[in-house]
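Order of appearance sets the numbers: ligands from 1, and atoms from 1 within every ligand. Treat the numbers as computed from the prediction; the structure is a model and nothing was measured.
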Amino acid sequence: MQTLREFHRRSLQERDPFWREQAAFVHWETPFERVLDDSRLPFARWFVGGRTNLCHNAVDRWLPEQADAPALIWVSTEVDQEETYTRAQLHKEVNAAAAMLVAQGVGRGDRVLIYMPMIPQAVFMMLACARIGAIHSVVFGGFASVNLAQRIDDAAPKVVVSADAGSRGGKVTPYKPLLDRALDLATQKPASVIIVDRGLAPFTPVQGRDLDYQALRARHDGAQAPVAWLESSEPSYVLYTSGTTGKPKGVQRDTGGYAVALASSMRHVFNGKPGDTFFCTSDIGWVVGHSYIVYGPLIGGQATVLYEGTPVRPDGAILWRLVERFGVNTLFSAPTAVRVLKKQDPQCLRRHDLSSLRAVYLAGEPLDEPTARWIAGELGKPIIDNYWQTESGWPILSAQPGVEAVPTRFGSPSFPVYGFDARIVSESTGEDLPAGQKGVVAIVPPLPPGAMSTIWGDDARFVQTYFTSIPGRQVYSSFDWGRVDEDGYWFILGRTDDVINVAGHRLGTREIEESISSHTGVAECAVVGVADELKGQVAMAFVVLKSPEQAETREQADALEGDIMRVVQDQLGAVARPARIRFVPALPKTRSGKVLRRAIVALCEGRDPGDLTTIEDPQTLEQIKETL
Ligand code: ATP
Ligand code: MG
């Protein structure tokens, strides 16, 4: 703990030497002149004047030691295929992909929109963009046309790269018709569209616009695309937030700061070393996928597993089978995946040799105690809860906040990661709050290397959105509530707009959810505050049961509702007891696995559910409506 505190302290107070050390994990073609330019806060420029390249650091730089070692391992349980690319093969594919883009007139600073399933070509194209200094905007494969059109217009890409189709849970989604419609809607039309034809869904190419990936690949076989050495602050990509609390925001990331943050975090937060195998089950459409499927592991000299499939198909042991087969050292997933596995087959971990695995990292949403207990108990290895945002680019809080893991506390992602000057501040005065008090999780600028540089194309909105909500103080607001306990452990208590006010009592929906989840029959739940004439707001709970038969009849449902109410009353008091509990087959979630509480609230209050661009399954909203 001593080392750890010292590490964190140095990252803030001895910033220059500290970040110089971290920057040494990265190859700089031209050394930087200054570690930080903070003359225009909240805008920060890291490693000013240095020139580097993400693709070079991820691929070329490891060729001397690792040319023949696996770099990208692709497994698809959707189409039953598997491919392994060594670093040299990856280098070849990325060069060919980069040459394809160059031939289409793409150059430094141009945008390329990537709308693809989890296939190797998606990774080749991301790295190809980085190689030539083009800015990628990856849009989650299968997103609806309207959202895709918005992102096309926002980025104004020269080229769009896509595929005929993706597949999820055994169901093929044709992407091409979605893309065609989006391109009709968009005003910023790309010059060309490159399509990977997987043979999953027949389509008719648009003459003069659509190009076939494999045909171009053959034409550029063996091509070399020179690396563009970017100044550290030049943008690497744009990526949108999940849209859980509103309209998604286009996060812009730099190059040098991001390279350093990832390279450094692979060592200090993920405890890895070159030659390891890293398996992150996220999607390339999300920040976790950008940072820890594609760039982080490759920059850290590790092999990365790219998995097209779900955690439950063909069965609930698939992730563990892959860990065993590829000797995975670090697994990075989300609490929602663990909850699904626990519900499916609680014995699934015991049948596999997981000796290669050192730790499991979980992020994206609160890790509830029953889930944490189950996975920790089954695995007997560290479970590292880590808290972050699309904006931060890498973990803000972690049970391995730098150099070493800490003894964990259930429900807590432990401590601030080095580089992040995180505070709990009062939403009314902006002051730092003492231990035990609940406030807004904020970060004192400068945001560390790797965090967002601005909102794409809108500096004013960046400042306005993130740095003006706390009165009297220019700090970054995470829009999450948090609390620190007496020993310095951090707890995330939900979104700032998820606090409800019942007859003058302020309650965090997260606390009520935790309490409901402790009932043994509950698989997961969402609690929302709904406007009420008498009390201001009341809490409504939507619960997914482990076995839905438990609430099949009216009497059973009523009895169970009463049971759960009592649990909440015993743990949190009568005011926290939800006004109603409804049982549903599934909760509405974003494609990144987050519960869309604002849409539930809207339905409960008889309003339009608002921006649903990122919803996974619209039917879940219908199911909620039916219970009301
Ligand atoms: P939007 O900003 O568009 O509303 P979003 O905030 O859901 O969407 P992301 O950046 O994907 O978009 O998610 C970040 C949020 O996820 C955090 O602000 C936090 O609420 C939640 N989160 C992430 N990791 C954790 C964690 N380990 N524990 C608790 N909450 C987490
Ligand atoms: Mg957010």
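- Taking a 6.0 Å sphere around CD of Glu605, one finds it holds more than 12 heavy atoms contributed by other residues, nucleotides or ligands.
- Formation of a donor-acceptor pair under 3.5 Å by the Asp368 side chain with backbone atoms of Thr371 is found in this model.
- The distance criterion of under 3.5 Å between nitrogen or oxygen atoms is not met by Ile492 with respect to ligand 1.
- If you check which protein heavy atom lies closest to atom 4 (O) of ligand 1, you get Thr245 OG1, 2.4 Å.
- The contact set between ligand 1 and Asn386, taken as ligand atoms under 4.0 Å from a residue heavy atom, comprises 24 (N), 26 (C), 27 (N).
- The proximity of Lys594 to ligand 1, defined as any non-hydrogen pair under 4.0 Å, is limited to the side chain.
- From Ile299, atom CD1 reaches atom CE of Met266 across 9.5 Å, with rounding to the nearest 0.5 Å.
- Ion pairing of Arg473 with Asp432 is present here, as a side-chain N (NZ or NE/NH1/NH2) and a carboxylate O approach within less than 4.0 Å.
- Between Arg151 and Pro248, some side-chain heavy-atom pair lies under the 4.5 Å cut-off.
- Nearest protein heavy-atom neighbour of atom 17 (C) of ligand 1: Asp480 OD2, 3.3 Å.
- In this structure, Glu365 does not pair ionically with Lys589, as no charged nitrogen and carboxylate oxygen lie closer than 4.0 Å.
- An N or O contact shorter than 3.5 Å is missing between Ser478 and ligand 1 by distance.
- Taking any N or O of Leu367, backbone or side chain, none lies under 3.5 Å from an N or O belonging to ligand 1.
- Of all the atoms in ligand 1, the ones that sit under 4.0 Å from a non-hydrogen atom of Pro366 are 28 (N), 29 (C), 30 (N).
- When only non-hydrogen protein atoms are considered, atom 14 (C) of ligand 1 lies nearest to Trp388 O, 3.5 Å.
- Per-residue contacts place Thr390 under 4.0 angstrom from the following atoms of ligand 1 (heavy atoms of the residue considered): 9 (P), 10 (O), 11 (O).
- Distances below 4.0 Å separate heavy atoms of Gly364 from the following atoms of ligand 1: 16 (O), 21 (C), 22 (N), 23 (C), 24 (N), 25 (C), 31 (C).
- Heavy atoms of Pro413 stay at 4.0 angstrom or farther from ligand 1.
- Seen from the ring of Phe140, Arg591 does not count as a face-on cation partner, given the 6.0 Å and 45° thresholds.
- Contact annotation: for Ser242 versus ligand 1, heavy atoms closer than 4.0 Å belong to both the backbone and the side chain.
- Donor-acceptor pairing under 3.5 Å is lacking for the side chains of Ser398 and Tyr361.
- Under the 30°/60° scheme for interplanar angles, the aromatic rings of Tyr115 and Tyr175 are found to be tilted.
- Atoms of ligand 1 lying under 4.0 Å from at least one heavy atom of Lys249, given by number and element, are 1 (P), 2 (O), 3 (O).
- Of all protein heavy atoms, the one lying nearest to atom 6 (O) of ligand 1 is Arg495 NH1, 2.9 Å.
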Thr281 and Ser333: CA distance, side-chain angles, deciding distance, side chain to side chain donor-acceptor pair (under 3.5 Å) verdict: CA-CA 5 Å; Thr281 68; Ser333 193; 2.8 Å; yes

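- With a heavy-atom cut-off of 4.0 Å, Glu365 touches ligand 1 through its backbone alone.
- Under 4.0 Å from ligand 1, not a single heavy atom of Trp286 appears.
- Counting protein heavy atoms only, atom 5 (P) of ligand 1 is closest to Thr244 OG1, 3.5 Å.
- Proximity of Trp394 to Phe420: side-chain heavy atoms (C-beta onward) are separated by under 4.5 Å at one or more points.
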